[in-house]
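Throughout, a chain's letter reflects where its sequence line sits, starting with A, and its residues are numbered from 1. Keep in mind that this is a model prediction, so the values were computed, not measured.
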2 protein chains.
Amino acid sequence: MRAISIGAVAKATGVKVPTIRYYEEVGLLPAADRTASNRRSYDETTVRRLRFIRHARDLGFSVDAIRQLIDLSDQPDRSCGDVDSIARLHLADIDEKIARLTALRSEVERMVDEGAHGRVADCRVIEVLGDHAACLHETH
Amino acid sequence: MRAISIGAVAKATGVKVPTIRYYEEVGLLPAADRTASNRRSYDETTVRRLRFIRHARDLGFSVDAIRQLIDLSDQPDRSCGDVDSIARLHLADIDEKIARLTALRSEVERMVDEGAHGRVADCRVIEVLGDHAACLHETH
DNA sequence: GCTAAATGCTCTAGCGACTAGAGGATCAAG
DNA sequence: CTTGATCCTCTAGTCGCTAGAGCATTTAGC
C-alpha cells in the first residue's frame, strides 16, 4: 500500500480536508499515521472507510449511528440484527420528520393561501401566527 | 397593566425561562423592564409577542425570519407583500426538505428491506453503505 | 538551486437555537 | 425565621461541521 496525503484522500472521496480531520477527532477514523514531517498519511483502507462514512452521512445517519455501524462492521461474525435495527430506527426517524413537515406544510400553505391583503394590519399570515386557535392541528 | 414575572410568562406561553432570556439576547424581545431587585418584569404585550414567536417557531420559521415578521407587523400600514413572501419562501423550504427526506426514505427502506442475513459479513445494510453504486439515485 | 504557490499542521471560534449547570441573590409561604 | 422556589449572570455544551490565524513543509517552475 502506498501513502496518500489528506488532500488526495479528500479528492478521492469528496470529503473536505477539515472534515477528515474532524472525523479523526470524533473517532470515526483512527488516528492517522504520520510522515517524518508530521503530515497525515493514509492508504486505501481509509479511502474505503471514508466513502462508507460519507455515504451514510448522505443518507442522514448521525455520526453516532455511523460509529456504531463501523464498530459492527468490524466484527463480521456478529449477527446482522444490530445493524438492521440501527437502520430501522433511522427509517422511523425519517418517517417522523416527514410526517411533521407535511403537517407544517399544510398549515403554512393554508396561511399563505388565505391571501395577501392590502396592508400588514389585515395580513392573514401575521394574524394566524398571533393566534394559535386559527390552526387546523393542535400539534404542529 | 400589571407586572408579570419571567416564570409566569413562561407558564402562560409554554416558552421556557432560559429561552425567553435567549430571545431577549438575540433581539426577538426588547430588553425587559427590571424591578428594584433587577428581576425582569413583563406585561401582556410580551406574552402576546412570545405567543407569536412560539407559534412561528413551531411552524418552523427561523429566528431571523421571525425578526423580519415582527418588524413588519410593527408597521401596520405597509403592504402585506413582504410578509407573504417570507411565508412563501418558508413554504418552498419545507417542500425541499420533504422532497429530500422522501428520497432518503426510499433509499433507506430499500436497504433494510433487502433483509437481515445471518452475519454482519453478509449484511446488505453494510454493503450498500460501502458501495454508492448500489443506490437508486445518484444524489440523495 | 531558488523562489513562490500550494498544501499541510494546530488551535480557536463561529453557525442555529437552544439547554444545562455553577454560584449567588431574592422572594413567598409556613 | 427558615426553607424552598424563583430569579440573576456567566460559561460551556449540543451537532456536524466551516472558517480563519499563524505557522511549517512540500512541490513546481525557472
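Nucleic acid contact class of A:R40 (heavy atoms, under 4.0 Å, all strands): sugar-phosphate only.
The backbone N or O of A:V83 sits nowhere less than 3.5 Å from a side-chain atom of A:R88 that would complete a donor-acceptor pair.
As rounded to whole Å, 12 Å separates atom C1' of D:dC7 from atom CD1 of B:I20. Atom OH of A:Y22 is separated from atom P of D:dC15 by 8 Å (rounded to the nearest Å). To the nearest angstrom, C1' of D:dG16 lies 17 Å from CZ of A:F61. Across the protein-nucleic acid pair, B:D33 atom CG and D:dC7 atom P stand 16 Å apart, rounded to whole Å. In this structure, A:L29 atom CG and D:dC17 atom P are separated by 12 Å, rounded to whole Å. One interatomic measurement links the two molecules: CD of B:E25 to C1' of D:dT11, which rounds to 12 Å at whole-angstrom precision.
Comparing A:Y23 and A:S37 along DNA chain D, the residue whose closest nucleotide (by nearest heavy atom) sits nearer the 5' end is A:Y23. Across the interface with DNA chain C, nearest-nucleotide mapping of B:D64 and A:A8 shows A:A8 to be the residue nearer the 5′ end.
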| query | Given A:T13 and A:T46, is the side chain to side chain contact (heavy atoms under 4.5 Å, CB included) satisfied, shown in steps? | reply | CA-CA 10 Å; A:T13 60; A:T46 309; over 6 Å; no

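Side-chain N/O atoms of B:D43 and B:T45 include a donor and acceptor closer than 3.5 Å. Between the side chains of B:D64 and B:Q68, at least one donor N or O sits under 3.5 Å from an acceptor N or O.
You can see that DNA chain C meets the heavy atoms of chain B within a 4.0 Å-exclusive cut from C:dA17 to C:dC27, reading 5' to 3'.
Proximity of A:K16 to the phosphate of D:dC17: no side-chain N or O atom is located under 4.0 Å from OP1 or OP2. Contact annotation: B:R34 reaches the phosphate of D:dT9 (side-chain N/O to OP1 or OP2, under 4.0 Å). For B:R21 and D:dC7, the shortest distance from a side-chain N or O to OP1 or OP2 is not below 4.0 Å.
Take B:R49 and apply the side-chain hydrogen bond (donor to acceptor under 3.5 Å, both in side chains) test, not counting sequence neighbours, and it matches B:D74.
Under the 4.0 Å criterion applied to side-chain N and carboxylate O atoms, A:R21 and A:E24 are not assigned as salt-bridge partners.
Under the 4.5 Å side-chain criterion, counting only non-hydrogen atoms from C-beta, A:I6 is in contact with A:Y42.
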